[in-house]
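Contents: one structure, followed by commentary.
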Amino acid sequence: MKMSKKYDVCVVGATGAVGETILSILDERDFPINNLYPLASKNSAGKRVFCQGKSWTVQDLDTFDFSQAQVGLFSAGGSISEKYAPIAAEAGCIVIDNTAHFRRDKDVPLVVPEVNPHAIAGYTQRNIIANPNCSTIQMLVALKPIYDAVGIERINVATYQAVSGSGKEAISELIDQATKLLSGNTEVDVKVYPKQIAFNVVPHIDVFQENGYTKEEMKMVWETQKIFEDDDILVNPTAVRVPVIYGHSEAINIETKKKITAVEATKILSKASGVTVMDKREDGGYATPFVEATNHNDTFVSRIREDISHEKGLNLWVVSDNIRKGAALNSIQIAEILIQEYL
Ligand code: A2P
């Protein structure tokens with residue numbers, strides 16, 4: 001990114017799964033950084049991280065003076081954002097928050113740059129912009145071009161979510177469990193998830209709600225309606241954790257307002273920003289989370305086919321790097337628009 005003006009940027013949760021990817025994407029996209037402030041817990045203070053050819057010292061979040069930064073990228077969990085994002089915002093540091101904490105607040109924009117970049121303008125109300133849930137982001141990147149072309153009445157979606165979405169501890173839990181089981185042990189430690197995740201599939205992400213859905217599922221409903229600015233769009237999700245380390249997958253069925261054929265949908269999606277269509281009807285002609293999506297910026301769309309059970313139904317298989325587009329990259333794309341158009 002070529003800009004003469006440079007910005008002071010803090011990264012909250014810089015030693016975590018998302019924070020580390022934020023640092024590498026800031027580097028890779030040449031984000032115009034003046035000073036970088038990697039922040040984490042006391043335990044990590046003094047560690048060094050590398051970005052844009054320099055080594056930067058991790059500081060304790062608790063004692064950081066946010067007036068030193070103009071932009072703050074937050075990925076240290078909801079309770080940390082709840083406490084520190086308002087402090088940062090008050091000090092003049094515009095927060096781009098990766099947690100669910102502010103997403104439903106009416107005066108906090110919720111942004112996917114390929115879908116509703118105009119919403120960023122609303123940051124002035126609180127100095128906070130929210131990054132949507134990883135599953136919502138990739139779903140809407142894939143669906144927005146179809147929504148614009150023919151309208152969408154209803155979305156049915158089942159997610160297959162990687163463990164990296166729950167942070168480094170969850171990655172270790174999957175690897176430890178798999179290693180133990182492959183070494184002949186029958187007992188594994190189960191801490192992060194409610195059940196064993198190695199060689200298993202768990203239909204439960206985040207807490208149960210009164211209506212029987214989980215909060216992860218309801219986030220996809222609330223966030224889709226907010227980002228599309230469409231309270232009438234119906235969303236019916238089932239969110240599932242699978243023993244994959246990187247890359248979320250989604251089996252999506254939509255009911256459109258006007259009929260769209262698979263050929264038309266493929267043509268529209270092939271031209272869409274942030275989307276790669278990989279859809280050959282042959283062995284291996286589709287995208288998978290680890291092999292194709294991981295370490296890529298685009299969301300991949302495969303298995304585009306008309307629904308044989310519904311006249312205006314269409315099926316899609318959508319995969320994306322949950323840490324990259326689902327979190328770090330989306331935040332940085334928001335920051336890029338923010339500095340280019342508003343600061
Ligand atoms: P630390 O590494 O010092 O614990 P992940 O999502 O991979 O679990 O990472 C969480 C990130 O949030 C890490 O950078 C972690 O820092 C940071 N974090 C967690 N708790 C706190 C806290 N109380 N104060 C500051 N940073 C925190």
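Atoms within each ligand, like the ligands themselves, are counted from 1 in listed order. Residue numbers run from 1 in the order of the sequence given. FYI, side chains are in, hydrogens and waters are out, and symmetry mates aren't considered; it's all heavy atoms of this structure.
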Atom 6 (O) of ligand 1 has as its nearest protein heavy atom Gly167 CA, 3.6 Å

Where does the angle between the aromatic ring planes of Phe66 and Tyr84 fall among parallel (under 30°), tilted (30 to 60°) and perpendicular (over 60°)? tilted

re atom 11 (C) of ligand 1, the protein heavy-atom contact at minimum distance is Gly13 CA, 3.8 Å

Give yes if a backbone or side-chain nitrogen or oxygen of Ser44 is under 3.5 Å from a nitrogen or oxygen of ligand 1, and no if not. yes

Are any of the side-chain heavy atoms of Tyr213 and Asn236 separated by less than 4.5 Å? yes

Measure from the side-chain N and O atoms of Ser24 to the backbone N and O of Thr21, and report whether any donor-acceptor pair falls under 3.5 Å. yes

Check for me, please, whether Tyr286 and Leu316 land in the same ILVMFWY cluster - side-chain distances under 4.5 Å, paths through other members count. no

I'd like to know if Asn43 contacts ligand 1, where contact means a heavy-atom distance under 4.0 Å to any ligand atom. no

Starting from atom 19 (C) of ligand 1, find the nearest protein heavy-atom neighbour and note its residue, name and distance. Ala76 O, 4.2 Å

Please write down residue, atom name and distance for the protein heavy atom closest to atom 23 (N) of ligand 1. Ile80 CD1, 3.3 Å

Closest protein heavy atom to atom 13 (C) of ligand 1, given as residue, atom name and distance to 0.1 Å: Thr15 OG1, 3.4 Å

Which option wins on minimum heavy-atom distance to atom 4 (O) of ligand 1: Ala17, Gly16, Ser41, Ala45? Ser41

Could you verify whether a donor N or O on one side chain and an acceptor N or O on the other, from Asp321 and Thr294, lie under 3.5 Å apart? no

Going by side chain to side chain contact (heavy atoms under 4.5 Å, CB included), Pro237 matches just one of Glu217, Met139, Glu216. Which one? Glu217

Nearest non-hydrogen protein atom, atom 8 (O) of ligand 1: Lys168 N, 3.8 Å

Are a donor atom and an acceptor atom from the side chains of Arg241 and Ser166 found within less than 3.5 Å of each other? yes

Check each atom of ligand 1 against the heavy atoms of Ala40 and keep those under 4.0 Å away; list them by number with element. 3 (O), 16 (O), 25 (C), 26 (N)

Are there over 12 heavy-atom neighbours, none belonging to Lys6, within less than 6.0 Å of that residue's NZ? yes

Whether Ala14 lies under 4.0 Å from ligand 1, heavy atom: yes

State whether the shortest distance between N or O atoms of Leu61 and N or O atoms of ligand 1 falls below 3.5 angstrom. no

